[in-house]
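The structure presented is a predicted model; accordingly, all values stated were derived computationally and were not measured. Order of appearance sets the numbers: ligands from 1, and atoms from 1 within every ligand.
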Amino acid sequence: MSKIATLTIDGKSYEFPVVVGTENEVAIDIKSLRGVTGGVTTLDPGYKNTGSCESAITFLNGEEGILRYRGYSIEELAEKADFLEVAYLLIFGELPTKEQLDKFHNDIKAQSQVDEDIKKILDGFPKAAHPMGVMSALTSALIAFNPTSVNVDSEEEMYQAIVRIMGKFPVLTAWTYRKRAGLPLDYGDDSLGYVDNFLKMMFKKPNGEYTSNKTVVNALDKLLILHADHEQNCSTSTVRMVGSSHAGLFASLSAGINALWGPLHGGANQAVIEMLEAIKSDGGDTHKFMNKAKDKEDPFRLMGFGHRVYKNFDPRAKIIKKSADDVLSALGVQDPILDIAKGLEKEALEDSYFVDRKLYPNVDFYSGIIYRAMGIPVEMFTPMFSLGRLPGWIAQWREMRLKKEPIGRPRQVYIGENLRSFKPVDKR
Ligand code: CMC
């Protein structure tokens, strides 16, 4: 029997249907609330309790530390799948057959050229510009070179738009890095896999050969998988929101990149390394920084700790922590900030402030240490996150458009002045 929720306002009762998801998540469907009550709305800053959509892409249970893409556990995907397979799974709903995967990869490769004029736009940026700002601008600029908007009623057109951005985005990411590093721009090598090719585009020196390192390729593949989707987080909700106005895919993605940039979201991976470096150069006293994080008068937060949804270990952090150990030892890198990170984690997990608030390491706590061991500079950490998140954003945009969701437009509770009369400037 279907469940009903009853709401009483001023002695009057209203009934609302209760929606139950496939993992027994329960939500009160308040679509009719304003209509039946004559204008009552809900108030939920930060959308802590608001479901913005029904989605079949990613399931996450923050209390139990579960994350699944299309029903597959993140642990299994990180161990057995590669990034392109996961991208296909997220976007189209099923793991690809060998033929589908080859076609997907070939179609992406066929779209991996970027108009040469994009280089002029890139040249307009100072070298010191933050790569996330550059990438957002370049992604947006792609619209000018691909001006026809996608007909979302045509699966083929939708598919073409998807492979176009999957092909061009790694090029834009690598170019953003190379411009900062003063290296000539490179188009990579179509004979390589998606991730290997990206690494070549990043690191090939103009006067030397690029040799692929299996440990690095596998580690990056895994990191990208772990970042590939996380249901209705800030950047994904932004992509869906912008796309809900029927702005195009590239415009929606560009907005998502900006949302991801913030230090409370994807920007945390850069902030974590900067924090660990600061602790190191301050003498390594983790306790001092723990106290700062707990001090309500101090704006400092322990970056890479806490999560809006996880009130248990972030399952991605567990995988990444192990991977950090494996990658650093395979590459023979000894990074003192890994020890600082482990020390901080241990202290936090035993500290009542963090225990009571259920603050655990999140995906960003150890990822930067791996990126650093791979030779990726700290300002490129958040762009790396966006490269991983790209298929998730695409999948969520596609789902939203296919379901013909209405334009996103939250309500508010107005708390400003009541009606008053205008006074001419000489009377104020
Ligand atoms: N250090 C110290 N205290 C914290 C931290 C932290 N990292 N995170 C949360 N708290 C405290 C917070 O002060 C509050 O305390 P009180 O109840 O006494 O006021 C309580 O814990 C709840 O925090 P909140 O800010 O209300 O929780 P939220 O769900 O709004 O924020 C968060 C989640 C991720 C923004 C926050 O935990 C944070 O700022 N963490 C550090 C930044 C970070 O690592 N972000 C990456 C998130 S995971 C990847 C991603 O989303 O891209």
* Asked: Where does the angle between the aromatic ring planes of His227 and Phe385 fall among parallel (under 30°), tilted (30 to 60°) and perpendicular (over 60°)?
  -> perpendicular

* To do: Could you tell me how the ring of Tyr159 sits relative to the ring of Phe104: parallel (under 30°), tilted (30 to 60°) or perpendicular (over 60°)?
  => tilted

Aromatic centroids of [Y] and [X] separated by under 6.0 Å:
X: Tyr210; Y: Phe203; result: no
X: Tyr187; Y: Trp175; result: yes
X: Phe305; Y: Tyr360; result: no
X: His265; Y: His230; result: no

Protein heavy-atom partner closest to [atom] - residue, atom, separation in Å:
atom: atom 34 (C) of ligand 1; result: Gly306 O, 3.7 Å
atom: atom 11 (C) of ligand 1; result: Tyr353 OH, 3.5 Å
atom: atom 49 (C) of ligand 1; result: Asp364 OD2, 3.2 Å
atom: atom 52 (O) of ligand 1; result: His265 ND1, 2.6 Å
atom: atom 41 (C) of ligand 1; result: Phe305 O, 3.4 Å
atom: atom 47 (C) of ligand 1; result: Asn362 ND2, 3.6 Å
atom: atom 42 (C) of ligand 1; result: Met303 CE, 3.5 Å

* Answer yes or no: does an N/O atom from Leu302 fall short of 3.5 Å to an N/O atom of ligand 1? => yes

* Asked: Could an N or O of ligand 1 be found under 3.5 Å from any N or O of Phe385, whether backbone or side chain?
  -> no

* To do: Determine whether more than 12 heavy atoms belonging to other residues, nucleotides or ligands lie under 6.0 Å from atom NZ of Lys358.
  => no

* So with a 6.0 Å cut-off around CD of Glu54, is the heavy-atom count from everything else above 12? -> no

* In terms of side-chain heavy atoms, does Glu94 have a donor or acceptor partner in Gln100 at a distance below 3.5 Å? -> no

* With distance as the sole criterion, is a donor-acceptor pair present between the side chains of Tyr366 and Glu345 under 3.5 Å? -> yes

Given [options], which one has a non-hydrogen atom that is nearest to [atom]?
atom: atom 45 (N) of ligand 1; options: Leu264, Thr236, Asp314; answer: Leu264
atom: atom 28 (P) of ligand 1; options: His307, Met290, Lys296, Arg308; answer: Arg308
atom: atom 36 (C) of ligand 1; options: Arg301, His227, Met275; answer: Arg301

Structural part of [X] in contact with ligand 1, heavy atom criterion under 4.0 angstrom:
X: Leu359; answer: side chain
X: Phe365; answer: neither
X: Arg357; answer: side chain

* salt bridge (charged side-chain N to carboxylate O under 4.0 Å, His left out) with Asp351: which of Lys294, Lys346, Arg357? -> Lys294

Whether [X] lies under 4.0 Å from ligand 1, heavy atom:
X: Phe300; answer: no
X: Lys48; answer: yes
X: Val363; answer: yes

* Check the pair Lys222 / Glu79 against salt bridge (Lys or Arg N to Asp or Glu O under 4.0 Å), numbers first and verdict last. => CA-CA 8 Å; Lys222 192 176 282 200; Glu79 193 195 325; over 6 Å; no

Go through ligand 1 atom by atom and flag the ones less than 4.0 Å from a non-hydrogen atom of [X].
X: Ala293; result: 2 (C)
X: Gly266; result: 52 (O)
X: Gly304; result: 43 (C), 44 (O)
X: Ala268; result: 43 (C), 44 (O), 45 (N), 46 (C)

* To do: To the nearest 0.5 Å, tell me how far Glu76 CD sits from Ile225 CD1.
  => 11.5 Å

* Asked: Can you find a protein heavy atom closer to atom 22 (C) of ligand 1 than 4.0 Å?
  -> no

* Asked: Looking at Lys322 and Asp326, does any basic side-chain N land under 4.0 Å from a carboxylate oxygen?
  -> yes

